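Predicted model, so just to flag it, every value in this text is computed and none were measured.
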Amino acid sequence: MSFTYFISSDTIGHQDPELGKRLMHSFFLKLMEATEKPSHILFLEKGVQLLLPEFTGVDALKSLAEESGVTLLACVTCLDYYGIKDKIEVGKVSTMVEIIAIMHESDKVIHF
C-alpha cells in the first residue's frame with residue numbers, strides 16, 4: 001500500500017511551538033528508521049519551512065530522499081509566499097496540480 005504524508009505546519013501540535021518543532025525533528029529521525037516509508041511527503045503552508053537549512057531535521061529529510069527514495073515536494077505558491085523558493089535545502093518545487101495528482105494516486109494520505 002502506498003501512502004503519502006501531507007505536512008502543512010512546521011510543528012507537530014499547536015500548543016507549544018518549541019515542543020512542536022522538537023517533535024517534528026524527532027518524527028523525521030524516527031521515520032528514517034521505520035520499515036515502511038511514504039512514497040511522497042508533500043509540504044504546504046508553513047510546512048515548506050522544514051525544507052530550509054536551519055530546520056534541525058533537514059539532514060533526516062535529505063537521507064529520506066537520497067537513501068530511501070522518498071519524494072519531497074514543496075508547494076510553489078507557499079514557497080513564493082514566504083520568499084524562500086531559492087533557499088530550500090532539499091526537495092523539489094511542485095505545483096498544486098502535481099500535489100493533487102500524488103494524493104489521488106496514493107492509497108492513503110496522512111495529514112499533520
Side-chain angles (χ1 to χ4, degrees):
M1 174 183 359
S2 70
F3 66 99
T4 296
Y5 286 122
F6 180 103
I7 298 178
S8 61
S9 178
D10 60 346
T11 64
I12 293 179
H14 304 286
Q15 301 300 316
D16 185 322
E18 185 58 38
L19 175 59
K21 288 179 191 242
R22 288 183 188 186
L23 291 172
M24 189 65 82
H25 173 110
S26 179
F27 172 80
F28 289 118
L29 289 177
K30 296 305 177 188
L31 183 58
M32 286 179 13
E33 300 170 7
T35 54
E36 292 185 55
K37 298 196 177 38
S39 60
H40 296 80
I41 303 177
L42 310 173
F43 297 87
L44 287 90
E45 294 188 57
K46 279 189 103 174
V48 297
Q49 294 179 357
L50 299 172
L51 303 172
L52 294 171
E54 51 267 20
F55 172 54
T56 58
V58 75
D59 288 337
L61 287 172
K62 285 181 189 176
S63 177
L64 286 166
E66 296 167 6
E67 297 171 23
S68 300
V70 177
T71 302
L72 309 176
L73 298 177
C75 165
V76 67
T77 303
C78 304
L79 293 169
D80 286 340
Y81 179 82
Y82 290 111
I84 60 172
K85 185 165 58 174
D86 297 329
K87 298 176 183 173
I88 62 171
E89 180 96 5
V90 65
K92 299 174 187 169
V93 177
S94 182
T95 65
M96 193 59 74
V97 171
E98 183 179 19
I99 289 168
I100 290 169
I102 296 299
M103 289 191 294
H104 286 173
E105 293 168 3
S106 296
D107 294 320
K108 182 169 40 171
V109 177
I110 302 165
H111 175 249
F112 64 95

Step-by-step side-chain contact (heavy atoms from CB on, under 4.5 Å) determination, Thr56 to Lys21 | CA-CA 9 Å; Thr56 58; Lys21 288 179 191 242; over 6 Å; no

Taking every non-hydrogen atom, the tightest pair across Lys87 and Pro53 | O-CD, 3.3 Å

Would you say the side chain of Met96 lies within less than 4.5 Å of the side chain of Ile100, judging by non-hydrogen atoms?
-> yes

Rounded to the nearest 0.5 Å, how far apart are CE of Met24 and CD of Gln49?
-> 11.0 Å

Are Val70 and Leu29 connected, step by step, through hydrophobic side chains (Ile, Leu, Val, Met, Phe, Trp, Tyr) whose heavy atoms are closer than 4.5 Å?
-> no

Grab the two heavy atoms, one from Val58 and one from Val90, that are nearest each other, plus how far apart they are.
-> CG2-CG1, 3.9 Å

Closest approach of Met103 and Leu42, non-hydrogen atoms and distance?
-> CG-CD1, 3.6 Å

For residues Gly57 and His25, report the shortest heavy-atom separation together with the two atoms involved.
-> N-ND1, 3.4 Å

Beyond-backbone contact of Ser106 with Phe3, side-chain heavy atoms, under 4.5 angstrom = no

What closest approach, in Å, do Leu61 and Leu72 show between heavy atoms, and which atom pair accounts for it?
-> O-CD1, 3.6 Å

May I ask you to test the His111-Ser8 pair for a side-chain heavy-atom distance under 4.5 Å?
-> yes

Atom pair NZ (Lys85) and SG (Cys75), whose distance is rounded to the nearest 0.5 Å | 10.5 Å

Say you draw a straight line from CG of Leu52 to CD1 of Ile88; how long is it, rounded to the nearest 0.5 Å?
-> 8.0 Å

Between Phe6 and Val109, the two heavy atoms sitting closest are CB-CG1, 3.9 Å

Minimum side-chain heavy-atom gap Phe112-Ile7 below 4.5 Å = yes

Flag side-chain contact, heavy atom, 4.5 Å: Pro38 against Leu31 | yes

Rounded to the nearest 0.5 angstrom, the CD-CG distance for Glu66 and Leu64 is 10.0 Å

Counting only heavy atoms not in Lys62, do more than 12 fall under 6.0 Å of its NZ?
-> yes

Working to the nearest 0.5 Å, report the span between CD of Glu105 and CD1 of Ile102.
-> 5.0 Å

Taking the side chain as C-beta and beyond, is there a heavy-atom pair between Thr71 and Ser39 under 4.5 Å?
-> no

CG of Leu23 to CD of Glu18, rounded to nearest 0.5 Å, is 10.0 Å

Going by the ring pair (Phe, Tyr, Trp, His ring centres under 6.0 Å) test, name the single residue among Phe27, Phe28, Phe43 that passes it with Tyr5.
-> Phe27

Do Ile84 and Leu51 come close enough that some side-chain heavy atom pair is under 4.5 Å?
-> no

Between Ser9 (side chain) and Thr11 (backbone), is there a donor-acceptor pair under 3.5 Å?
-> yes

